[in-house]
Amino acid sequence: MATIVSVLALAHAPGATGWLDRAPVHEQEALIAGYAAMAKRLHESRPDVIVGVANDHMLNFSMNNVPDWCVGIADQWQGPAEWFRDWVNIAPYRVAGHRALGRAIVQGCAQRGFGLAFAEQLEFDDNWSVPLHFLTPAHDIPLVPIHMNCVLPPMPAPARCLAFGRVLGEVIRAWPSDARVAIMATGGLSHDPGGPKYFEVDEAFDRGFMDLLAAGDSARVEREVSLERMMAAGDGGTVELLAWLVAMGAAGDCPADNIFYVPSVPLRCGMGGMAWNLPL
Amino acid sequence: MATIVSVLALAHAPGATGWLDRAPVHEQEALIAGYAAMAKRLHESRPDVIVGVANDHMLNFSMNNVPDWCVGIADQWQGPAEWFRDWVNIAPYRVAGHRALGRAIVQGCAQRGFGLAFAEQLEFDDNWSVPLHFLTPAHDIPLVPIHMNCVLPPMPAPARCLAFGRVLGEVIRAWPSDARVAIMATGGLSHDPGGPKYFEVDEAFDRGFMDLLAAGDSARVEREVSLERMMAAGDGGTVELLAWLVAMGAAGDCPADNIFYVPSVPLRCGMGGMAWNLPL
Amino acid sequence: MGIMQTDRTLPTNRLIFEGRRDAALRARFGSELEALMSEYGLSEPEKRALREIDIRALGDMGVHPYFLPQITRLFKGAGYNHNQSDAAQLYARKMNIQE
Amino acid sequence: MGIMQTDRTLPTNRLIFEGRRDAALRARFGSELEALMSEYGLSEPEKRALREIDIRALGDMGVHPYFLPQITRLFKGAGYNHNQSDAAQLYARKMNIQE
Ligand SMILES: [Fe+3]
Ligand SMILES: [Fe+3]
């Protein structure tokens, strides 16, 4: 059976690669150090494959049929999608996929009550391009990308995201393989692309959210995190922290470390990352 | 505000038009009389538009992204889809759509927590072709088809179908129009296309189901109808009675009349229909 | 078998899904089945089962049950599909059930 | 405005969705906007608002907020999208908010 060797969650906002030089030097340094610390946590866990969970940003799923979650099952991925290259300022890259694990996730989740979409082709924007740039710049760890709907109402509620994460973890652990699997949620923290808080960051919300998750009590998270509260902190973007709840569900109720946090108005996003302390 | 003037539910199995002559004469007569009685209920309500709810039969939505419900918003529809013409033995027909109502349903349901897919093109098989052949042979009442996932697990549970029906009814009644709207669910009753009960009909289940719905107590329906029970009566087909639960939700808790029931092994389906007695 | 065992990602499910929607593809079921199965990435066991219209094996591999009689109709014709029709009888025989 | 007011079926949402995925379509935003808007079935109010990059009006009609700064980038360029960039400043001005 496969082993989940690390569970991480981190921001993916495009400014981190697209216009980092426009942030004050102390923000730049904190961000670079923060991503480096996240990379260290990932690599110390020696993963064979990464299962990612992130906002689709309405890039692959037109509003005519938006799934809550879609698993990429292709053998190979490439990014960034053409129009996003200038924006994220990242050169074209390829990264292997993992068809067997992708298919196992679709099948196992269906039998446990989650009907996931799946795809052979998915365009990547900042959701994977930015975190992979910092965490696996050689793009040498296969990725099973799970794109989710974080921003087109109705989104899956926090409790449902936690429940999906639990099932995802169960399915991965039941997968007949000796693979070491990392789970990486990307997105958030507070930001509001296209909304009235486009040029604001909600530091109090972000720190409270990270502290809440770090405590490792999912029942409390279900009580205290609501879509309404997330939307109030930026309805076009903050809600992609739903992906972090999937990660928490997969980790189980164990505490996590807050690795870094940089509230950056020049990057138009609260930038941060955390890593769960999985039971050995 | 629009008015819901009738709510109907009836079987759509292809044998009714495809090979009715292979059924005993008493079945043929009961079926023809039954559909005629359903047509009478529909036309007496003088609808301007029909909102239909039926199994998509995995015809329009590939397993890679299956919505629970998809609303057809086109101005015009045609059927039967080419490969199904011989099967249902129905000549090509056209029927008007109703874009404004289709769009209002998508928008109103999204704001009430149901994220519906929508489509400009939908292939029709027996789901609409058979009931329209009997109820509106001139195809002269515009149709808003809502295709649903009844057979690819996980399907929406009975309680969710009832809840969707309630919201659908609310959205239609809130639609700013003086239109008279009929709701027509199609599908069922017991049948098992592709399963071990392909050549069986479960009359006891069917009569129990119709009596239960006719009593008009949705709380009792939620308690007594389960996916498991429906699947036990034919897992490839009986589950499309979920569409009848949507109709019941839209009707509200009022009693219904069982109009006809013919358990037909030659048609490989329990054939029946009911009509709700809406409060005036 | 049964709908709960459906394998959504099984290539045969995509082939059958598309075959019902596309007349050109359907024509190839008769004339170019081998090429078609390779294009859709069917595994060897899937190919064998489809070649032999072994619908029980297809069901066991995760083809949706609703597609199984449609497969017999793709090969035997969809019209006048009563219980004694070629398509329905092929289904009954392969599944070893009686009408 | 806000994500809760999104109109999923609004033609402009489909045009922006596809514009980000299709370079040929994107090129036509500059050269053939009128034809493009007609092909996609935009209403007259949608056409006026997109022509004038009136993103507040577009938001009020149900364009998803996430698409709004993307519209400014479709017209003004997506690269080096910092707060003083043409695209971000156009957004700020049209929405009457300050960086
Ligand atoms: Fe994002
Ligand atoms: Fe059916």
Side-chain angles (χ1 to χ4, degrees), chain A residues 13-15 17-23 55-66 80-89 121 123 125-126 149-155 191-200 227-228 230-232 234-240 264-268, chain D residues 1-27 29 40 55-56 58-60 62-74 76-85 87-99:
Chain A
T17 49
W19 55 92
L20 184 59
D21 62 316
R22 303 291 295 216
N55 191 357
D56 181 58
H57 293 126
M58 299 183 296
L59 176 57
N60 292 282
F61 294 99
S62 158
M63 292 184 192
N64 74 305
N65 190 15
V66 178
E82 189 188 351
W83 188 57
F84 296 86
R85 271 179 214 160
D86 288 351
W87 191 50
V88 296
N89 186 34
Q121 299 197 324
E123 294 204 350
D125 52 22
D126 49 330
N149 171 29
C150 292
V151 291
L152 184 66
M155 293 80 72
H191 63 308
D192 191 17
K197 299 185 176 178
Y198 193 39
F199 301 107
E200 296 175 31
L227 285 171
E228 292 66 29
M230 291 171 130
M231 288 197 286
D235 80 357
T238 310
V239 190
E240 62 187 21
S264 176
V265 170
L267 303 187
R268 296 193 293 272
Chain D
M1 252 196 63
I3 64 174
M4 289 301 296
Q5 273 62 57
T6 306
D7 180 352
R8 291 175 177 229
T9 62
L10 193 77
T12 300
N13 276 321
R14 185 167 74 88
L15 176 57
I16 303 306
F17 175 83
E18 296 186 3
R20 300 163 312 145
R21 294 172 55 91
D22 181 342
L25 193 69
R26 221 146 52 224
F29 268 84
Y40 275 77
I55 54 181
R56 173 169 288 279
L58 290 169
D60 287 341
V63 172
H64 193 286
Y66 191 76
F67 283 177
L68 299 177
Q70 298 198 330
I71 291 171
T72 68
R73 301 210 299 273
L74 282 169
K76 293 292 178 181
Y80 205 42
N81 184 221
H82 57 79
N83 292 349
Q84 281 71 45
S85 65
Q89 283 297 309
L90 177 60
Y91 178 88
R93 195 166 68 247
K94 292 283 186 173
M95 298 296 279
N96 201 23
I97 55 179
Q98 304 296 319
E99 185 262 319

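Keep in mind that this is a model prediction, so the values were computed, not measured. Lettering of chains follows the sequences in order, A, B, ..., and the numbering in each one begins at 1.
D/P69 and A/Y198 get closest at one heavy-atom pair: CB-OH, 3.4 Å. Here the closest heavy-atom approach between residue D/H82 and residue A/R268 is recorded as C-NH1, 3.6 Å. Of all non-hydrogen atoms in D/R8 and A/P154, the two that sit nearest each other are NH2-CD, 3.5 Å. For A/G194 against D/M95, the heavy-atom pair with the smallest separation is O-CE, 4.5 Å. Of all the heavy atoms in A/V151 and D/H64, the pair that sits closest is O-NE2, 2.8 Å.
D/A88 touches chain A through backbone and side chain together, each having a heavy atom under 4.5 Å away. The contact between A/D21 and chain D is made entirely by side chain atoms (from C-beta outward), counting heavy-atom distances below 4.5 Å. Contact of D/F17 with chain A is made through the side chain alone, with heavy-atom distances under 4.5 Å. Looking at D/L74, both its backbone and its side chain come within 4.5 Å of chain A, counting heavy atoms on both sides. Proximity to chain D is limited to the backbone of A/F61, based on heavy atoms less than 4.5 angstrom apart. In this structure, chain D has no heavy atom under 4.5 Å from any part of A/P14.
Of the residues considered (A/G236, A/G195, A/S62), A/S62 shows the highest number of contacts with chain D, using heavy-atom pairs under 4.5 Å. The choice from A/D86, A/V88, A/D235 that makes the most heavy-atom pairs within less than 4.5 Å of chain D is A/D235.
Distance CZ/D/R26 to CD/A/E82: 5.0 Å, rounded to 0.5 Å. With rounding to the nearest 0.5 Å, the separation of CG in A/N64 from CG in D/N13 is 11.5 Å. Rounding to the nearest 0.5 Å gives a distance of 11.5 Å between CG of A/L267 and CG of D/N81. Atom CG of A/L152 and atom CE of D/M4 lie 10.0 Å apart (nearest 0.5 Å). A/K197 contributes atom NZ, which lies 11.5 Å from atom CD1 of D/I97 (distance to the nearest 0.5 angstrom). Atoms OG1 and CE, from D/T6 and A/M58 in turn, are 7.0 Å apart once rounded to the nearest 0.5 Å.
A/M63 has its side chain out of reach of D/D7: every pair of non-hydrogen atoms, C-beta onward, lies at least 4.5 Å apart. Taking the side chain as every heavy atom from C-beta outward, A/E123 and D/R20 never approach each other to under 4.5 Å. You'll find the side chain of D/Y66 stays beyond 4.5 Å of the side chain of A/L59, heavy atoms only. Residues D/Y80 and A/N89 form no side-chain contact, since every pair of their non-hydrogen atoms from C-beta on lies 4.5 Å or further apart. Counting heavy atoms from C-beta on, the side chains of A/W83 and D/Q70 come closer than 4.5 Å.
Side-chain N or O atoms of D/N83 include none that pairs as donor or acceptor with a backbone N or O of A/R22 at under 3.5 Å.
Every residue meeting the side chain to side chain donor-acceptor pair (under 3.5 Å) condition with A/S264, not counting sequence neighbours, appears here in chain and number order: A/E27.
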